[in-house]
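For the numbers below, each heavy atom of this structure counts, side chains included, while hydrogens, waters and symmetry mates do not. Values in this document were obtained by computation on a predicted structure and should not be read as measured data.
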Amino acid sequence: MATSAQTLQLIIDTLSKKYKFDSDSAIALLAKEELLPKKMMPKDTTDDSPWASKKAEELAATHGIVAEGPGSGKNGKWTLSDVDKALSKPTKTKILVSPNALNLANEKGISLVGKKGSGKDGRILLKDVEDLIEDEDEDDINISPRALQEAHQAGISDDEIATIHGSGKDGRILLQDIKKHVSASEDSDED
């Protein structure tokens, strides 16, 4: 006749009190010897992973997704569908900027993406935008901020940028001009 898990737990607790031993240690010993029913086996608490499956974890790692909050899986674990939902959400980066600084930047066509200001927590202030305008006025190169960013990412020096003829208004160098220059450089390198 089999003993129920509840009855077995009561027996172990009674013996631990009478013979003064730790019932958790006794359960661990009996589990190691495989003498306990499945219901009484200690839960393995070493799995602190927020992922429900290895595939969900790999997909999240590939796309830089961090499991924030509970997922829809068992015990709040993140499933593949949770990772897919996180992938489909548009990501926005909030720029800390004062209203006056934003108005001036928009008026002058200056991109504030990736810029840090001198205000609290890197907030961009009016003074920071005025400094950016001053820096732009000092530059001889008529280039859009996005094109300049792309050029620097492609490793194009300011001297080389100055030789590029822009297709924008008043010869302004646009993003498409930088891309065309990069592909032309790659073609000439292959020859």
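The two residues A154 and V182 make their nearest non-hydrogen contact at CB-CG2, 3.8 Å. Taking each heavy atom of G109 and P145 in turn, the nearest pair found is O-CG, 3.9 Å. Annotation for A151 and I161: closest pair CB-CD1, 3.6 Å, computed over non-hydrogen atoms. Smallest separation of non-hydrogen atoms from A101 and L126: CB-N, 3.5 Å. Of all heavy-atom pairs between V83 and I65, the closest is O-CD1, 3.8 Å.
By the 4.0 Å N-to-carboxylate-O rule, R146 lies close enough to E150 to be salt-bridged with it.
Expressed to the nearest 0.5 Å, how far CD of E58 lies from OG of S53 amounts to 8.5 Å. Separation of atoms NZ (K54) and CG (L80) is listed at 13.0 Å; rounding is to 0.5 Å. Taking CG of L15 as the reference point, atom OG of S23 lies at 10.5 Å (rounded to 0.5 Å). How far CD of Q9 is from OG1 of T14: 9.5 Å, rounded to the nearest 0.5 Å.
Within the 4.5 Å cutoff, the side chain of L87 has heavy atoms near those of the L59 side chain. Within the 4.5 Å cutoff, the side chain of D158 has heavy atoms near those of the H152 side chain. Between L30 and I12, the closest side-chain pair of non-hydrogen atoms falls below 4.5 Å. Contact of the L174 side chain with the I143 side chain is not registered, since no non-hydrogen atoms from C-beta on lie closer than 4.5 Å. Taking the side chain as every heavy atom from C-beta outward, K108 and L104 approach each other to under 4.5 Å.
Criterion: ILVMFWY side-chain heavy atoms under 4.5 Å apart, direct or through other members. Under it, I110 and I95 are part of a common hydrophobic cluster. Cluster annotation: Y19 and I11 are assigned to the same hydrophobic cluster (Ile/Leu/Val/Met/Phe/Trp/Tyr, side-chain heavy-atom contacts under 4.5 Å, transitive). V129 and L125 are assigned to two separate hydrophobic clusters, defined by single-linkage of ILVMFWY side chains at heavy-atom distances under 4.5 Å. Placement of I27 and L8 within a single hydrophobic cluster is found when ILVMFWY residues are connected by side-chain heavy-atom separations under 4.5 Å, directly or transitively.
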Please determine whether side chain to side chain donor-acceptor pair (under 3.5 Å) holds for the pair D84 and S81, giving the CA-CA distance in whole Å, both sets of side-chain angles, and the decisive distance to 0.1 Å.
CA-CA 5 Å; D84 286 338; S81 65; over 6 Å; no
Any chance you could lay out the side chain to side chain contact (heavy atoms under 4.5 Å, CB included) test for I173 and N142, step after step, and finish with the verdict?
CA-CA 6 Å; I173 301 170; N142 185 9; 6.0 Å; no
Could you give me the CA-CA distance, side-chain angles and deciding distance for Q6 and L10, then say whether side chain to side chain contact (heavy atoms under 4.5 Å, CB included) is met?
CA-CA 6 Å; Q6 188 176 18; L10 183 62; over 6 Å; no
Going through the distances and angles, do L112 and L132 end up as a side chain to side chain contact (heavy atoms under 4.5 Å, CB included)?
CA-CA 9 Å; L112 299 177; L132 287 171; 3.9 Å; yes
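Side chain of N103 to main chain of N100: no donor-acceptor pair is present (N/O by atom type, distance under 3.5 Å, no hydrogens or angles). Not a single donor-acceptor pair under 3.5 Å links the side chain of K77 to the backbone N or O of G71. Without hydrogens or angle criteria, W78 side chain to G69 main chain gives a donor-acceptor distance under 3.5 Å. Remark: the backbone N or O of G166 is not paired with any side-chain donor or acceptor of D177 at under 3.5 angstrom.
The environment of CD in Q153 is crowded: more than 12 heavy-atom neighbours from other residues, nucleotides or ligands sit within 6.0 Å. Counted within 6.0 Å of NE2 on H165, heavy atoms from surrounding residues, nucleotides or ligands total 12 or fewer; the atom is thus considered open.
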Show me the donor-acceptor pairs within less than 3.5 Å that the side chains of residues 115-124 make with the rest of the protein, sequence neighbours left out.
| from | atom 1 | to | atom 2 | distance (Å) |
| --- | --- | --- | --- | --- |
| S118 | OG | D128 | OD1 | 2.9 |
| S118 | OG | D128 | OD2 | 3.3 |
| R123 | NH2 | V97 | O | 3.4 |

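Looking at S16 and D13, their side chains never bring a donor and an acceptor atom within 3.5 Å of each other.
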